[in-house]
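Being a predicted model, the structure only gives us computed values, none of them experimental.
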Amino acid sequence: MPNLKSVRPTNCDKCKEKFFATGFKHNPVFEYESSHIARHKYMQSFRAESQFFDAAIHCMEIMRTRFGCWTAWEQWCNGEFIDNQEVNNLVQEYVNRSGLQEQVKIRWNDKIVAPTMMSGCTLHLKGPYRRRRVENVLNHELGTHLVRRLNDKINRKYQKHPPASHAVSLMFEEGLATLNTIMKQKCPLIVDSALTYVSVCWAQKHSFVELFQLLSSYIDDHNKVWLLCVRAKRGVRDTSSHGGLAKDQVNFCGAMHLLRHRRNIDFFKMHMGKFTAEQAHNLSDAINDKACFVPLLLRPGIDAYLSGLEAIIAANSLESWVD
């Protein structure tokens, strides 16, 4: 697949300045590197779906009912903001505990859209970060994406099942990363990925301005709402029209699929390479797990990990969707 950066608007900063100056009432007109953005492979490969729309809204309502607004939830769950040096210290401590000192490079990068991103074996940091958020993000980026990438080089040869499509592989990759992000959270609400899922659903039927208004009823941070809207409306030039990039739904879709089938999935093997649930199930017992990197979340044992999944279901009251 092509680089996702080519779907990113090149005039984002100017559009944001104008949007905020007009009181959030001007639909941005995005510019892109390519003049054929609508035919971009990412626009063609991911189709918006609404299978889990009610479940996602349900998770968002739990957050709003319990905490009133996004900022109150973030403060309670993740603590205070910390400076870059403290972030560096926490990241280095995590890397050392994981035994990844020789495998990962760390770089601060204010050009990325998301606060954190893995590119190959480089961890890109942007922030800002709240104190308790750092380890959860690292469980996502290093404990899932990097570990699976490193282990895949060792174990791919043991996988005899036909390769999955990019969209399916990404759903399992991001779904697993989503669950790993919230497993050690103070309260494992799955609200972040629920918001991105719903954003894509709403973007198919609403303009940028309308989407901003809908999300603002759940999020009181205008900068966060702007970022969610940009991600959901990527790939569209005139954002007064409907549509957008549906890729971000894979996080919530993948998490829900894994929770629904959790009793039949080998979660240890899923971390031993970039495998789908079916591929992990059919993986040869000859897999070289002794040479693999075991993420911190799995070191207490698989029973503890499975108990963490049950805690996620209970915290989000997802029983009717996954059982």
Side-chain angles (χ1 to χ4, degrees), residues 1 52 94-95 97-104 118 120-121 123 135-185 188 190 193 249-314 318 321-323:
M1 293 292 288
F52 297 116
Y94 185 97
V95 168
R97 283 191 290 131
S98 300
L100 295 170
Q101 298 94 321
E102 302 299 321
Q103 284 70 36
V104 63
M118 282 300 301
C121 292
L123 177 68
E135 181 161 358
N136 297 329
V137 167
L138 295 175
N139 283 332
H140 182 120
E141 301 294 352
L142 302 184
T144 311
H145 293 321
L146 180 61
V147 162
R148 292 182 96 225
R149 177 188 179 92
L150 295 172
N151 289 341
D152 198 64
K153 295 178 180 179
I154 300 169
N155 289 318
R156 176 53 56 178
K157 60 186 176 183
Y158 297 110
Q159 212 302 100
K160 308 301 181 184
H161 208 70
S165 70
H166 177 75
V168 170
S169 295
L170 192 64
M171 182 187 74
F172 281 103
E173 176 84 19
E174 295 297 346
L176 189 63
T178 295
L179 295 176
N180 287 349
T181 303
I182 63 174
M183 187 167 287
K184 294 299 182 181
Q185 209 167 250
I190 197 168
S193 59
Q249 286 191 318
V250 298
N251 296 63
F252 194 75
C253 281
M256 292 296 289
H257 183 91
L258 290 169
L259 291 175
R260 180 174 286 180
H261 299 282
R262 66 194 182 282
R263 296 184 181 93
N264 300 312
I265 294 174
D266 189 327
F267 283 94
F268 182 84
K269 284 185 177 178
M270 281 202 71
H271 287 83
M272 295 300 105
K274 298 176 76 67
F275 305 124
T276 66
E278 185 177 9
Q279 289 170 341
H281 179 75
N282 292 311
L283 201 60
S284 167
D285 289 335
I287 182 172
N288 188 9
D289 56 349
K290 302 299 182 186
C292 289
F293 292 92
V294 177
L296 295 178
L297 285 175
L298 283 174
R299 293 185 185 178
I302 193 64
D303 288 342
Y305 187 89
L306 296 176
S307 294
L309 297 181
E310 297 301 325
I312 290 171
I313 294 169
L318 289 172
W321 284 282
V322 302
D323 286 331

- Item | From CA spacing to verdict: side chain to side chain contact (heavy atoms under 4.5 Å, CB included), Trp321, Ile313 | CA-CA 9 Å; Trp321 284 282; Ile313 294 169; over 6 Å; no

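- Here Asp266 pairs with nothing under the side chain to side chain donor-acceptor pair (under 3.5 Å) rule; sequence neighbours left out.
- When all heavy atoms of Pro295 and Gly143 are compared, the pair lying nearest together is CB-O, 3.3 Å.
- Considering every non-hydrogen atom in both Leu309 and Met183, the closest pair reads CD2-CE, 3.5 Å.
- Note that CE of Met256 and CG of Leu259 are 6.5 Å apart. Values are rounded to the nearest 0.5 Å.
- Between Arg149 and Cys121, the shortest heavy-atom distance links the atoms NE-SG, 4.1 Å.
- A donor-acceptor pair under 3.5 Å is formed between the side chain of Asn155 and the backbone N or O of Met272.
- Arg97 pairs by the salt bridge (charged side-chain N to carboxylate O under 4.0 Å, His left out) definition with Glu135, not counting sequence neighbours.
- Here the straight-line distance linking atom OH of Tyr94 with atom CG of Leu100 works out to 8.0 Å at 0.5 Å rounding.
- Applying the salt bridge (charged side-chain N to carboxylate O under 4.0 Å, His left out) test to every pair with at least one member in residues 164-177, sequence neighbours left out, gives these pairs: Arg148-Glu173, Glu173-Lys274.
- Asn264 meets the side chain to side chain contact (heavy atoms under 4.5 Å, CB included) test with no other residue; sequence neighbours excluded.
- Annotation: ring pair (Phe, Tyr, Trp, His ring centres under 6.0 Å) contacts of Phe52 (sequence neighbours excluded): none.
- The side chain to side chain donor-acceptor pair (under 3.5 Å) test applied to Gln103 returns no partner, not counting sequence neighbours.
- Between the CD1 atom in Ile190 and the CG atom in Leu318 there is a gap of 6.5 Å [rounded to 0.5 Å].
- Thr181 is linked by a side chain to side chain contact (heavy atoms under 4.5 Å, CB included) to Arg133, Asn136, His140, counting only residues two or more places apart in sequence or in another chain.
- Residues that satisfy the side chain to side chain contact (heavy atoms under 4.5 Å, CB included) test with Gln101, not counting sequence neighbours, are Val95, Asn96.
- Pairs engaging residues 253-262 under the side-chain hydrogen bond (donor to acceptor under 3.5 Å, both in side chains) rule: Arg262-Glu310, Arg262-Asp323 [sequence neighbours left out].
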- Message: Before you tell me yes or no, could you show the steps for Phe293 and Leu146 under side chain to side chain contact (heavy atoms under 4.5 Å, CB included), namely the whole-Å CA-CA distance, both residues' side-chain angles and the distance that decides it to 0.1 Å?
- Response: CA-CA 10 Å; Phe293 292 92; Leu146 180 61; over 6 Å; no

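- Listed by first then second residue, pairs satisfying side-chain hydrogen bond (donor to acceptor under 3.5 Å, both in side chains) with a partner in residues 298-309 read Asn180-Tyr305, not counting sequence neighbours.
- In this structure, Leu296 and Leu142 have side chains that are not in contact, with every pair of non-hydrogen atoms separated by 4.5 Å or more.
- Taking the ring pair (Phe, Tyr, Trp, His ring centres under 6.0 Å) definition, one finds that His281 meets it with nothing, sequence neighbours left out.
- Here OG1 of Thr144 is found 7.0 Å from CG of Leu297. Values are rounded to the nearest 0.5 Å.
- Taking both residues in full, the closest heavy atoms of Ile154 and Ala291 are given as CD1-O, 3.3 Å, listed atom of the first, atom of the second, then distance.
- With values rounded to the nearest 0.5 angstrom, Leu179 atom CG is found 6.0 Å from Ile182 atom CD1.
- Residues satisfying the side chain to side chain contact (heavy atoms under 4.5 Å, CB included) test with Ala277, not counting sequence neighbours, are Phe172, Ile265, Met270.
- With values rounded to the nearest 0.5 angstrom, Arg263 atom CZ is found 10.5 Å from Leu306 atom CG.
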